[in-house]
Amino acid sequence: MQAGHQASMPLQDVLAGEWRSDANRARDEYRHPLQTLEFFGVQPQQTVVEITPGAGWYAEILAPWLREGGNYVAAVVDPAALPAGGGRDYQQRSRDGLEKKFAEAPAQFDRASIVAYDPVAPVLGAPGSADVVLTFRNVHNWRASGQAEGMFRAFFDVLKPGGTLGVVEHRAKADVPADDKSGYVGQAQVIAMAEAAGFTLQDSSEINANPRDTKDHPNGVWTLPPSNNHDAADDAKYKAIGESDRMTLRFVKP
C-alpha cells in the first residue's frame with residue numbers, strides 16, 4: 001500500500017471536497033454516501049470497481065479517496081460492443097463525459113481507470129483482482145435487458161475470495177416481472193440473483209430507505225427527484241417525498 005495524505009484523509013473530508021459540485025453534494029441527504037460506504041466496508045487501500053458510474057456522482061468520492069492507497073476502476077459499457085444507433089450513442093456520450101470529468105481534475109482523478117465491457121459477455125477485469133464491486137441503482141436496467149444474471153456472474157469473477165459486492169437499488173413493494181417499467185425491483189429478487197451467481201448475503205441495511213416513497217408514481221421511479229419526470233404543478237408533492245426507497249445489500253464472495 002502506498003502511503004500518502006489522501007489515503008488517510010477521513011471520508012468526511014472527501015465528502016466536503018471542493019471538487020464536488022453543489023448539486024451533487026445536495027444529494028448526500030438521500031444517498032448517504034458516508035454511511036453507505038462504511039456499511040459496505042470500503043477501505044481506502046482497496047481496489048474498487050464501480051459499475052456504470054454515469055456522470056460520476058460516486059466517482060467524485062471514491063476516486064480521490066482511493067487515489068493514494070487503492071485503485072478506483074469505473075466499469076462502463078463499451079459503445080463498440082453495441083449496434084449502431086441510439087444505445088451506442090448514449091453509451092459513447094456517457095463514456096466521453098466521464099473521461100472529460102477525469103481529465104479536467106487530475107488532482108482527484110489522474111489515477112482512476114476505466115474498463116469497458118460488453119454487456120452481453122461482461123468482463124470487468126482480471127479474475128480475482130478486485131476487493132469490492134459497487135453498483136448503485138442499476139439492477140432494474142439489467143433485468144429489463146435480460147443482462148442481470150451475466151452481470152452478477154461478472155461481479156463474482158472479478159472479485160477476490162472474501163471480496164464484497166455492494167448493491168443499492170430502488171426497492172419495489174414485492175417481486176416485479178422482468179419487463180416491469182417502474183424502475184423498482186423486489187429485494188428478494190436481487191438477493192436471489194446474487195446468490196445464484198455464488199454470493200452469500202452478509203447483511204442488509206435501511207440506510208437508504210425512504211418510507212415516504214409509495215412506489216406507485218405515474219412515471220415510475222423517474223417521477224421522483226432527481227429526474228422529476230412529472231408536471232410542474234406536482235413539484236412540491238414529489239420534493240416532499242424525496243428520492244426513492246432503496247435497498248442496501250452487502251454480499252460476500254466465499
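Source: prediction; values computed, not measured.
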Exercise for review: Determine whether the aromatic ring centres of His32 and Phe39 lie less than 6.0 Å apart.
Suggested key: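 Not close enough - the centres of the two rings lie 6.0 Å or further apart.
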Exercise for review: Could you go through the salt bridge (Lys or Arg N to Asp or Glu O under 4.0 Å) check for Lys100 and Glu104 one step at a time?
Suggested key: CA-CA 6 Å; Lys100 181 173 185 286; Glu104 289 178 346; 2.7 Å; yes
Check your understanding: If only atom types and distance count, is the side chain of Arg20 paired as donor or acceptor with the main-chain N or O of Glu60 below 3.5 Å?
Key ->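 Checking the backbone N and O of Glu60 against the side chain of Arg20, no donor-acceptor pair under 3.5 Å is found.
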Is it possible for you to say whether [X] and [Y] belong to one hydrophobic cluster, with membership spreading through side-chain heavy-atom contacts below 4.5 Å?
| X | Y | value |
| --- | --- | --- |
| Val132 | Val76 | yes |
| Leu62 | Tyr30 | no |
| Ile51 | Phe199 | yes |
| Leu201 | Met193 | yes |
| Leu66 | Val14 | yes |

Check your understanding: Transitive ILVMFWY cluster of Val120 at side-chain heavy atoms under 4.5 Å: who else is in it?
Key ->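 ILVMFWY cluster around Val120 holds nothing else.
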Check your understanding: With sequence neighbours left out, what residues match Asp245 under salt bridge (Lys or Arg N to Asp or Glu O under 4.0 Å)?
Key ->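 Partners of Asp245 by the salt bridge (Lys or Arg N to Asp or Glu O under 4.0 Å) criterion, ordered by chain and then number, come out as Arg171, Lys215.
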Point to revise | Donor-acceptor pair between His170 and Asp213 side chains, under 3.5 angstrom | key: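 No - no donor-acceptor pair under 3.5 Å links their side chains.
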Review point. Between Asp131 and Thr164, do the side chains contain an N or O donor and an N or O acceptor separated by less than 3.5 Å?
Key: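 Their side chains do not contain a donor-acceptor pair, so the 3.5 Å distance test is not met.
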Applying side-chain contact (heavy atoms from CB on, under 4.5 Å), can you list everything that pairs with [X], at least two apart in sequence or on another chain?
| X | value |
| --- | --- |
| Thr52 | Val77, Tyr117, Asn138, Trp142 |
| Trp222 | His140, Ser227, Asn229 |
| Ala144 | none |

Practice item. Check the angle between the aromatic planes of Phe40 and Phe136 and answer parallel, tilted or perpendicular using the 30° and 60° thresholds. Key: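 It falls in the tilted class, 30° to 60°.
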Exercise for review: Using a strict cut-off of less than 4.0 Å between a Lys/Arg side-chain nitrogen and an Asp/Glu carboxylate oxygen, indicate whether Arg27 and Glu243 qualify as a salt bridge.
Suggested key: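 So Arg27 pairs with Glu243 through a salt bridge.
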Practice item. Salt-bridge test for Asp110 and Arg67: reply yes if a basic N is under 4.0 Å from a carboxylate O, no otherwise. Key: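 Yes, Asp110 and Arg67 are salt-bridged.
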Distance in Å, [X] [atom1] paired with [Y] [atom2], rounded so as to fall on 0.5 Å steps:
| X | Y | atom1 | atom2 | value |
| --- | --- | --- | --- | --- |
| Glu206 | Arg246 | CD | CZ | 13.5 Å |
| Leu134 | Leu37 | CG | CG | 6.5 Å |
| Tyr238 | Asp231 | OH | CG | 8.5 Å |
| Ser204 | Arg250 | OG | CZ | 9.5 Å |

Extract all donor-acceptor atom pairs below 3.5 Å that involve side chains of residues 78-87 and protein atoms in other chains or at least two apart in sequence.
unit_1, atom_1, unit_2, atom_2, d
Asp78, OD1, Ala80, N, 3.0

**Study point:** Pairwise side-chain contact, Val221 with Ser182, heavy-atom cut-off 4.5 Å (strictly under)
**Key:**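 Val221 does not reach Ser182 side chain to side chain.
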Check your understanding: Below 4.5 Å, heavy atoms only, C-beta onward: do Val167 and Phe251 meet side chain to side chain?
Key ->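 Counting from C-beta outward, Val167 and Phe251 do come under 4.5 Å.
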Exercise for review: Answer yes or no: does atom NZ of Lys173 have more than 12 heavy-atom neighbours from other residues, nucleotides or ligands under 6.0 Å?
Suggested key: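 Yes - once you tally the heavy atoms of other residues, nucleotides and ligands closer than 6.0 Å, there are more than 12.
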